Amino acid sequence: MLSFIRSDLSQFTAYKPHTSSNTALSIKASTENDRLDANESPYDLPSPIKEKLAWIYQQSIETNRYPDGGHQLLKQAIAEYVNESANSANTDKSNFTAENISIGNGSDELIRSLFIATCLGGEGSVLIANPTFVMYGILAKTLGIPVVDALRNPETFEIDIKAAQAAVENTHPNIRVVCVVHPNSPTGNPLTEKELAWLKNLPENILVVIDEAYFEFSQNTLAVELTQHPNWVILRTFSKAFRLAAMRVGYCIAHPELIAILEKVRLPYNIPSFSLSAALIAMQNRQLVLNSIPQTLSERSKLIETLSKNPMLKVWDSAANFVFLRLTHNQVDSQESIKTLHQKLKQNGTLVREINGGLRITVGTPEENLRTINNLQTALKNL
Ligand SMILES: *Cc1c(COP(=O)(O)O)cnc(C)c1O
């Protein structure tokens with residue numbers, strides 16, 4: 001209809017915001033539901049930290065002034081955290097500084113900046129392996145960048161390396177970016193040795209994006225590899241384990257030359273002052289903010305163990321704060337049944353994500369998880 005709009009934009013489907021943030025739905029008020037559809041933490045910030053943040057908002061944020069556009073303090077705090085997390089698991093010591101960090105309005109902004117910096121204007125294509133985080137495909141398409149899908153093994157969700165390698169060799173415009181999520185969403189599997197070996201062998205003219213949004217749950221980071229691989233970038237976020245989804249802060253770790261390019265590409269004041277303060281305080285108090293993780297991990301095990309006992313379900317192991325499941329193959333129409341299951345859960349106040357022919361269920365509080373199990377078992381009986 002609007003003849004000035006790029007023709008390719010009318011073709012694609014936008015990201016659908018999660019129901020938990022959609023107040024227009026004719027279901028119960030969102031806070032009465034168990035919101036297990038966006039992999040957020042079930043817990044708000046600890047009150048002492050929230051109070052401190054409120055104090056900062058009142059006492060030191062001047063709302064009439066632009067925010068700090070350089071993010072230096074937050075970058076330093078993040079670099080320290082990255083070193084701490086990388087070094088606890090490895091003998092090679094990493095020494096990242098603020099020069100290795102760029103901060104985005106959510107890691108979504110960084111993904112877009114990376115695509116702009118590499119592929120825009122017909123310069124390259126992006127390789128992903130579905131099922132994976134949907135924003136990679138969506139952001140590439142909004143920029144008119146071709147997306148190639150390497151697919152995964154339907155049982156293990158391991159990337160089809162042969163297909164991926166063939167795509168790298170045969171795609172025009174050339175694959176400039178390979179995106180992997182570690183552990184993957186919605187399937188919860190971390191990268192395997194074989195996948196890692198392939199990534200390590202990719203030529204240096206291909207950017208490798210490793211999305212560690214769920215690092216705090218997997219405790220498995222590839223940060224130490226960055227010194228060997230200047231063509232790698234690691235993405236992290238404050239939206240999951242750090243309990244700050246409302247603030248929209250993400251960051252990446254990379255070679256200083258790549259960071260300098262990202263700093264050129266981003267909008268000048270991309271992070272609001274309040275979000276910068278929240279991220280800094282959460283980082284400085286990370287022991288307290290991250291203290292709910294052991295509970296999430298044990299709740300995840302319980303959820304997987306209990307749901308696996310139901311013969312109608314195939315439940316995958318997970319290294320993140322969510323669980324992926326499908327119906328076993330003897331269902332008549334598995335796709336339709338998953339949709340029904342999703343609807344029934346919703347009617348009973350359990351919001352989960354229906355995706356890739358299955359359900360992705362965030363690990364919530366112990367009470368929420370009990371309700372998930374009960375609602376799911378009941379819905380399955382009535383399928
Ligand atoms: C949640 C998530 C993110 C975080 O996105 P933000 O924009 O930082 O909120 C990034 N990658 C993956 C795979 C995710 O699941």
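These figures come from a predicted structure and were not determined experimentally.
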**Request:** Find the distance between CZ (Phe133) and CD1 (Ile128) and round it off to the nearest 0.5 Å.
**Result:** 11.5 Å

**Request:** Step by step, work out the salt bridge (Lys or Arg N to Asp or Glu O under 4.0 Å) result for Glu109 and Arg266.
**Result:** CA-CA 8 Å; Glu109 185 196 7; Arg266 73 171 170 83; over 6 Å; no

**Request:** Check the pair Glu80, Lys75 against salt bridge (Lys or Arg N to Asp or Glu O under 4.0 Å), reporting the backbone distance first and the verdict last.
**Result:** CA-CA 9 Å; Glu80 190 188 304; Lys75 284 182 178 184; over 6 Å; no

**Message:** Tell me whether the count of non-hydrogen atoms from other residues, nucleotides or ligands lying under 6.0 Å of CD in Glu169 goes above 12.
**Reply:** yes

**Request:** Answer with yes or no whether the side chains of Thr296 and Asn321 bring together a donor and an acceptor at under 3.5 Å.
**Result:** no

**Request:** Kindly indicate whether the side chain of Asn189, heavy atoms from C-beta on, has any atom under 4.5 Å from the side chain of Asp317.
**Result:** no

**Prompt:** With a cut-off of 6.0 Å (strictly less than), are more than 12 heavy atoms of other residues, nucleotides or ligands near CD of Gln59?
**Reply:** yes

**Request:** Determine whether Thr328 and Pro311 make a side-chain contact, defined as any pair of heavy atoms from C-beta on separated by less than 4.5 Å.
**Result:** no

**Request:** Report the C-alpha distance between Arg286 and Glu84 in whole Å, list the side-chain angles of each, state the deciding distance to 0.1 Å, and finish with yes or no for salt bridge (Lys or Arg N to Asp or Glu O under 4.0 Å).
**Result:** CA-CA 12 Å; Arg286 56 185 173 274; Glu84 187 182 282; 2.7 Å; yes

**Prompt:** Do Asn130 and Thr132 have side-chain atoms, one donor and one acceptor, less than 3.5 Å apart?
**Reply:** no

**Request:** Just jot down the side chain to side chain donor-acceptor pair (under 3.5 Å) partners of Asn100, sequence neighbours excluded, or say none.
**Result:** none

**Message:** Any salt bridge linking Glu368 with Arg371? Criterion: basic side-chain nitrogen under 4.0 Å from a carboxylate oxygen.
**Reply:** no

**Message:** Would Lys314 pass as a cation-pi partner of Trp316, given that its NZ or CZ must be under 6.0 Å from the six-membered ring centre and within 45 degrees of the axis?
**Reply:** yes

**Prompt:** Does Asn291 use its side chain to pair, donor to acceptor, with the backbone of Gln287 at less than 3.5 Å?
**Reply:** no

**Prompt:** Near Gln295 CD, under 6.0 Å, is it more than 12 heavy atoms from other residues, nucleotides or ligands?
**Reply:** yes

**Request:** Verify the cluster assignment for Ile338 and Leu383: are they in a single hydrophobic cluster under the rule of side-chain heavy atoms below 4.5 Å apart?
**Result:** yes

**Asked** More than 12 heavy atoms of other residues, nucleotides or ligands under 6.0 Å from NZ of Lys200: is that the case?
**Response** yes

**Item:** Shortest non-hydrogen contact from Asn270 toward Gly104
**Value:** ND2-CA, 3.8 Å

**Request:** Decide yes or no on side-chain hydrogen bond (donor to acceptor under 3.5 Å, both in side chains) for Ser102 and Glu263, but give the supporting numbers first.
**Result:** CA-CA 7 Å; Ser102 184; Glu263 294 289 297; 2.6 Å; yes

**Request:** Might you confirm whether atom CZ of Arg112 has over 12 heavy atoms from other residues, nucleotides or ligands at distances under 6.0 Å?
**Result:** no

**Prompt:** Side chains of Ile145 and Arg176: does their closest heavy-atom pair fall under 4.5 Å?
**Reply:** no

**Request:** Examine the side chains of Gln165 and Trp198 and answer whether a donor and an acceptor come within less than 3.5 Å of each other.
**Result:** yes

**Request:** Rounded to the nearest 0.5 Å, what's the gap from CG on Asn105 to CG on Leu110? Could you check?
**Result:** 9.0 Å

**Item:** Gap separating the CG atom of Leu226 from the NE2 atom of His255, nearest 0.5 angstrom
**Value:** 10.0 Å

**Message:** Hydrogens and angles aside, do Gln377 and Asn310 bring a side-chain donor and acceptor to less than 3.5 Å of each other?
**Reply:** yes

**Request:** Decide side chain to side chain contact (heavy atoms under 4.5 Å, CB included) for Thr350 and Lys344; before the verdict, give the C-alpha distance in whole Å, the side-chain angles of both, and the deciding distance to 0.1 Å.
**Result:** CA-CA 9 Å; Thr350 298; Lys344 286 195 171 165; over 6 Å; no

**Asked** What do you reckon, is NZ of Lys141 surrounded by more than 12 foreign heavy atoms closer than 6.0 Å?
**Response** no

**Item:** Aromatic centroids of Phe96 and Tyr81 separated by under 6.0 Å
**Value:** no

**Item:** salt bridge (Lys or Arg N to Asp or Glu O under 4.0 Å) assessment of Glu216 paired with Lys240
**Value:** CA-CA 9 Å; Glu216 284 81 8; Lys240 307 286 159 62; over 6 Å; no

**Message:** Is it true that Ser239 and Glu40 share a donor-acceptor pair across their side chains at a distance under 3.5 Å?
**Reply:** no

**Request:** Flag the pair Tyr214 / Phe322 as yes when their ring centroid distance falls below 6.0 Å, and as no otherwise.
**Result:** yes

Using a 3.5 Å cut-off and no angle test, enumerate the donor-acceptor pairs between side-chain atoms of residues 204-211 and protein atoms at least two apart in sequence or in another chain.
| unit_1 | atom_1 | unit_2 | atom_2 | d |
| --- | --- | --- | --- | --- |
| Asp211 | OD1 | Ala213 | N | 3.0 |
| Asp211 | OD2 | Tyr136 | OH | 2.8 |

**Prompt:** Side chains of Thr372 and Asn369: donor-acceptor distance under 3.5 Å anywhere?
**Reply:** no

**Message:** For a side chain to side chain contact (heavy atoms under 4.5 Å, CB included) check, start with the C-alpha distance between Val352 and Asp34, then their side-chain angles and the critical distance, and finish with the verdict.
**Reply:** CA-CA 9 Å; Val352 302; Asp34 295 335; over 6 Å; no

**Item:** Arg6 side chain to Thr142 backbone, donor-acceptor under 3.5 Å
**Value:** yes

**Message:** Would you say OH of Tyr43 has more than 12 non-hydrogen atoms from neighbouring residues, nucleotides or ligands within 6.0 angstrom?
**Reply:** yes

**Message:** Taking the cut-offs as 6.0 angstrom to the six-membered ring centre and 45 degrees off its axis, would you call Arg236 and Phe215 a cation-pi pair?
**Reply:** yes

